[in-house]
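These notes concern the structure reproduced below.
All values below were derived from every heavy atom in this structure, side-chain atoms included, with hydrogens, water molecules and symmetry-related copies excluded. Chain letters run A, B, ... following the sequence lines, proteins first, then strands; residues in each count from 1.
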Amino acid sequence: MSTFTGNEIIHQYLRHNKKFPHVLCAGCGHGIVLGTLIRSIHALEIPKDDVVVVAGIGCSGRLAVYVDFNTIHTTHGRALSFATGIKMANPKLNVITIMGDGDALSIGGNHLIHAARRNIGVTALVLNNSIYGMTGGQSSPATPLGSTTMTNPYGQLDSNFDTVELARGAGANYVARGTVFHVNKLEKIMTEAIQRPGFSVVEAITPCHTQYGRKNKFKNPVEMYKWMKKTAISVERYAELPEDKRAGRLPIGVFVERNRPGFEESYAQLRSKLQAKGGK
Amino acid sequence: MPRRKKRKEIFALGNEAVVEGALLAGCSFFGGYPITPSSEIMEIMASRLPALEDGVFIQLEDEIASMGAVVGASLAGRKAMTATSGPGFSLMQENLGYAIMAEAPLVLVNVMRGGPSTGLPTCPAQGDVQQARWGTHGDHPIIVLSASNVQECLDMTITAFNMAEKYRTPVILLLDEVTSHTREKIELPNDGEYEVFSRTVPSMPPEWYKPYEETVRGVPPMPAIGSGYRFHVTGLTHDRNGFPTQRPEEVVELMDRIHRKIDQFFYDIQLVDEVQTDDAEVVVIAYGSVARSAELAVHQARENGVKAGLLKLKTLFPYPRRHTEKLLAHAKTLVVPEMNMGQMSREVKRVNMGQAAVRTINRVDGQIVTPAEILKVIMQG
Ligand SMILES: Cc1ncc(C[n+]2csc(CCOP(=O)(O)OP(=O)(O)O)c2C)c(N)n1
Ligand code: SF4
C-alpha cells in the first residue's frame, strides 16, 4: 500500500479536467461518503479501470462526475438496473451504485428489493439524508415521523423505511449502516462491502442541513454531526440495551453477513454446465 | 460465379425469427419482462442465450429495469436487446431517452397490441407508431423499423442491430401481433451472407479520447466500459467530454450532432419495398401485416384495370419522405390503411401537402385490415 494519506489519496482519484468547484453545499455529508469510497478502493488496490460507479439522480447522483473511474449518471431510481446490466455483461468489473434515499427507497425501491433477492454482485451505497435534497427538500421514504419538509409542512404522517431491515428482508448478502461522523468505521464497512460476493447494501447516514436540518431544529451543520455522534451506537451495544432505552438510538455496524455466490457467478455456472453438454 | 450454398429452411413464428435474426447479428444480451404478444421472444432467448459462450439472459422485475439493464449492457460493450408490448413500451420510454442521449446502441422490439392502457392484449393493432416516434421526452431523432412477414422479422432484426451499432442509437422494431404470431417457412442466411456491423471502438490512446467528439459521420467511437477508456456517461446535456453543460453553444452542438448523424444517412436508413408503383395512380402506403393485405389488394386492383401500387414502409421513422414524394408525380390518390386511428397517415399528409387525395382506412377493433377493404377504397380511385 502507498504512503499517501487523506487528501493526497483522494486527489489521485479526482477528475482534474472536470470543472470544480463541486455542486455540494458546505456541510453536506455526501462528499465524506465519496471520500470513504475512494479510500476503500485505494486500500483494496482496485485499478481505476475496473471500477464502475453507477449513480442515480439527486445531489448524491452528482458525485459520479468528480471521480476518475468509469462513471454513469443514470435516471432517477434506476442505478441498480443499469448496474445489473453492466455486471452481467462483464462480471470482472467492480460495480458500485450511489443512490440517495429518495432514489433508492422510493422510485427505485423495487430495484433495490430485486437486486437483493437476485443477489447480483453489486455494492449499493444508500446516502440517507432523510430528504430529497436536489429538488428542494420534499419528504422521502426515509423522512422520520413528525419531521417537517416542504411537502409535509404539518409534519410527516407516515413512517419511514428502515433501509437495513428492507435489505435484510429482501435477501442481501451484506447489509451495514454507518454515518459520516464515524468515518473510519464507514470506510471499514465500505471496504468489506466491496469485497463481499453478491449484493451488498451500505447505508450511510449523511446530513443535509440545507434542506432537512434548517427545518428541523438543527441550527447549523455542526449540530447535525453532533446529533449523529450522540444517537449512533454500535449494533452490538444496541443489542444489549433494554427495550426502553433503544428509542431514538441509531444502531450502526454490520447487520447481515452471508456468502452466497452472486447471481453472475451462479449464471456462469449454469453456462458452463450447458456448454459441457454441448449447448442446447 | 460460385454456386450459392442452399440456405437452411425452418418453419418459424415471427417472434422466433426475431430471435434468430438477433443471434445472427451478434446479440449476446437480453433483458426483459414478459408481456403478450411479445413473450415468445423472451422465452426463446431464455433457452438460447445461456447456452452460448457469453450469452446473457436476465428476467428483470419490470420494463423500466429491463431497459436500464439493456442500456448498461450496451455501455459495457454488448449487443443488447429487449422485447415488449404497449404497456411495457410506455414504461421503457424514460430510459429509451437516456439511451438516445448517452448514444447507447440497442434494439427494442415492440409487438403492438390494442390500447390505450392494457387495451386488447392479444389482438393486433398498430397503435404505438407515434409513441415510438415521440414517446420519450425532448427533441430527438429515432430509427423505427417494421416487418410484414416472418422472413422480414429475421432480416429486419439484423438490420436493426446494424443500424443501432452504425449510428450509436437505440433502434425500435415495431411489429404487430399478426406478424409475430404467424408461422411461415423462412430461410436462414448462410454465414457471411449478411452484413454484421459492430460499433467503432477508439483507436487513439485513452488520454486523447473524447467520448462525444464531433466526427465526420457524427458518430463518436465507443469503447466498452472497463476496456481502459474511463469517461462519464450521463442523461444530462453534456459537452464533448461527457460532462454536464448548460452553455448554449455546447447544448446546440450536441443536439445538432445527434440529429445530423441520422439525417445525413437517410439513404441508408429509409427502407421501403415497392410493388407496381412505376405508373401507379393509386398508391397504397402500408406497413406491418397490413402491407400483406395491401399487396393482394393492389394485384386485384390491377386485374380490374386500376393502376394501383404499394409502397411498403420497412422504415417508419425517419419517415421515407423521398420515396413518397417520387410517387406524387403520377399518383392521384394515396390510400393509407392501418390498425389505428391514423398515426402514419399524418406523416403521409405532411409529405403530400395536398398534392394527391389521401384516403385512410382505420381499424381499432382488434381486427386485421382485409384485402377486400383496401380493394374497395382503391376502386374508388
Ligand atoms: C423520474 C423522475 N422523477 C423525479 C425527478 C426529480 N428529482 C430529481 S432528484 C430527486 C430526489 C433526490 O433525492 P434523493 O434521492 O434523496 O437524493 P439527494 O438529492 O437527497 O442526495 C427527484 C425527485 C427526476 N429527476 N426523475
Ligand atoms: S441540498 Fe442537501 S444533499 Fe444536496 S448538496 Fe446541499 S446539503 Fe447536500
query = Could B:K79 and B:F29 be counted as a cation-pi pair, given that NZ or CZ must be under 6.0 Å from the ring centre and within 45° of the axis?
reply =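 No cation-pi geometry.
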For [X] and [Y], which heavy atoms make the closest approach, and how far apart are they?
| X | Y | value |
| --- | --- | --- |
| A:M99 | A:A79 | CG-CB, 4.1 Å |
| A:S140 | A:D101 | OG-OD2, 2.9 Å |
| B:M42 | B:P34 | SD-N, 3.6 Å |
| A:R260 | A:A116 | NH2-O, 4.1 Å |

ask   = Tell me, side chain or backbone of B:I225 under 4.5 Å from chain A's heavy atoms, or both, or neither?
value = both
ask   = Side chain, backbone, both or neither: which part of B:Y229 has a heavy atom under 4.5 Å from chain A?
value =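 Contact with chain A is through the backbone of B:Y229 alone.
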If I measure from the heavy atoms of chain B, does [X] come under 4.5 Å with its side chain, its backbone, both, or neither?
| X | answer |
| --- | --- |
| A:R271 | both |
| A:R62 | side chain |
| A:V52 | side chain |
| A:I72 | both |

Highest number of heavy-atom pairs under 4.5 Å with chain A: which of [options]?
| options | answer |
| --- | --- |
| B:V233, B:V71, B:V70, B:L236 | B:V233 |
| B:A65, B:A102, B:A76 | B:A65 |
| B:L75, B:N241, B:I64 | B:I64 |
| B:L49, B:V56, B:L60 | B:V56 |

So which residue, [options], ends up with the most heavy-atom pairs under 4.5 Å with chain B?
| options | answer |
| --- | --- |
| A:K273, A:H76, A:R118, A:E264 | A:R118 |
| A:A89, A:G108, A:G61, A:S272 | A:A89 |
| A:F263, A:F82, A:F69 | A:F82 |
| A:L80, A:T74, A:I113 | A:T74 |
| A:V95, A:D68, A:V53 | A:D68 |
| A:N110, A:I57, A:V54, A:T75 | A:T75 |

request  = Run the numbers on A:M134 and A:S60 for side chain to side chain contact (heavy atoms under 4.5 Å, CB included), then give the verdict.
outcome  = CA-CA 9 Å; A:M134 179 149 273; A:S60 42; over 6 Å; no
query = Does the side chain of B:E63 come within less than 4.5 Å of B:F89's, by heavy atoms?
reply = no
inquiry  = Counting C-beta onward and ignoring hydrogens, is there a side-chain heavy-atom pair between A:Y132 and A:Q211 closer than 4.5 Å?
reply    = no
key: B:S227 side, atom OG; B:M222 side, atom CE - distance, nearest 0.5 Å   =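 Rounded to the nearest 0.5 Å, the OG-CE separation comes out at 10.0 Å.
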ask   = If you measure from CZ on B:R240 to CG on B:L254, what distance do you get to the nearest 0.5 Å?
value = 10.5 Å
